[in-house]
Amino acid sequence: MAGKSRTQGTTTRSRLTFPDRWDLTQLVKDSSVGIDSLLADLESKVGKLEAARPTLAPSMPSQDLLALLRLSEEIAQGSSRLGAYVYLRFSQNTKDAEARSLKTRVEEQLTGLSNRLLFFELWWQSVDETNAARLMADAGDLRYHLETIRRFKPHTLSEPEEKIVNLKNVTGRSAVHTLYDIVTNGFTFTVVVGGKKKTVNREELMTYVRSPKATVRQAAYQELYRVFASQRDLLGEIYKTLVNDVKAENLGLRRFSAPIASRNLGNDVPDQAVDVLLASCAKNADIFQAYFTLKAKICKIKPMNRYHLYAPHRTESKTYKYADAVTMVLDAYRGFSPRLADLAEHVFQDRHIDAPTRPGKLGGAYCYSIVP
């Protein structure tokens, strides 16, 4: 989200102070010392769980399993916080070599720790149905976690194979994703605004696709396509590599019926439900077309095409200060749910948002969930 937004309406006076940068020290207070300390703590807990491997048995008391699950939960939480810190620090500036190096180092170590714990999930998948039901009956809020592990049984490989896949993902799929981020977030674009040329990043460029002027909207899209097309060979190879990687693992090794089936299983959604959803969308595509036909008529757009999907109804455009824009958003939330407005305000006040656009910053808006 940009520090300033181009939109329509009247300026709302800011009533509160909202920091526009996030505070990652809430995850790791001192990156030079904190990361090694967190890794050492994780190492200790992983060692404790490894030591319990000989005690695992289908007939074990449910409370013994619950104690191991709580330890596993602590490991998952610690790994999540550490993984989030290095990724979010990288996303602030994908050109930061130190941040990239740190991200790689931590991801490699977390993968190593994860591989040492693979035995636990594989053992749980092997437990017979009767004992599994008995053990899950006393698992409380961890029952769903145990059910989820067992759902993946038909598509789980042997322990050595799973370890190899995890290790190769760090230097394969994950590395290719990082390469894409580095390349595309380094792109710059040239636009003409008010008769003057401006050099902007992708986030700044995309504000112009909502311009009241049709020529500006079209120019913004064409500049986006021009720059990406200049790197089509590299980006095409990246895309092809990722597609082939997913195909080889999920169809070739894990024997999913279709590429989307692996994602559906992870989301705990039946394949049939997704198929029905997609079929319904295709059947009602005319509603989508009717909407844009009506929009073209209201906005007096001829012809209606890709460049004008986000054309505003109003012809004027205003620039708002960040704090004013935040206040407008919170006021809108409060209009229908004071509780949601309070929660949203916490996100801003707790400095969990990084708003300004910057060279090298990861593009797009996203929410990175961190446990607990």
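Nothing here was measured: the structure is a model prediction, and the numbers come from that model.
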**OP:** Go through the side-chain N and O atoms of Asn166 and Asn169 and say whether any donor and acceptor fall under 3.5 Å apart.
**Re:** no

**OP:** Output the distance between atom CD1 (Ile149) and atom CH2 (Trp123), rounded to the nearest 0.5 Å.
**Re:** 10.0 Å

**OP:** For the pair Lys103 and Glu108, find out whether any cationic side-chain nitrogen is under 4.0 Å from an anionic carboxylate oxygen.
**Re:** no

Side-chain donor-acceptor pairs of residues 56-73 under 3.5 Å, sequence neighbours excluded:
| unit_1 | atom_1 | unit_2 | atom_2 | d |
| --- | --- | --- | --- | --- |
| Ser62 | OG | Asp138 | OD2 | 2.8 |
| Arg70 | NH1 | Glu73 | OE1 | 3.2 |

**OP:** If you link ILVMFWY side chains whenever their heavy atoms are less than 4.5 Å apart, which other residues fall into the same cluster as Leu278? By chain and number, please.
**Re:** Ile260, Val269, Val274

Original post:
In chain order, what residues pass the salt bridge (charged side-chain N to carboxylate O under 4.0 Å, His left out) check against Glu237, with sequence neighbours excluded?
Top reply: Lys240

Original post:
Between Glu203 and Arg358, is there a side-chain N and carboxylate O pair less than 4.0 Å apart?
Top reply: no

**OP:** Take Arg217 and Tyr208 through the side chain to side chain contact (heavy atoms under 4.5 Å, CB included) test and state the conclusion after the steps.
**Re:** CA-CA 6 Å; Arg217 295 196 297 269; Tyr208 294 108; over 6 Å; no

Subject >> Residue pairs passing the salt bridge (charged side-chain N to carboxylate O under 4.0 Å, His left out) test where at least one lies in residues 168-196, sequence neighbours excluded >> reply: Arg173-Asp245, Arg173-Glu249

Original post:
For Tyr366, what residues pass the ring pair (Phe, Tyr, Trp, His ring centres under 6.0 Å) criterion, not counting sequence neighbours?
Top reply: none

**OP:** Indicate whether the side chain of Thr156 and that of Gln125 have a donor and an acceptor atom separated by less than 3.5 Å.
**Re:** yes

Which side-chain N or O atoms in residues 36-43 pair as donor and acceptor under 3.5 Å with protein atoms at least two apart or in another chain?
| unit_1 | atom_1 | unit_2 | atom_2 | d |
| --- | --- | --- | --- | --- |
| Asp41 | OD2 | Lys45 | NZ | 3.2 |
| Glu43 | OE1 | Arg116 | NH1 | 3.0 |
| Glu43 | OE2 | Arg116 | NH1 | 2.9 |
| Glu43 | OE2 | Arg116 | NH2 | 3.2 |

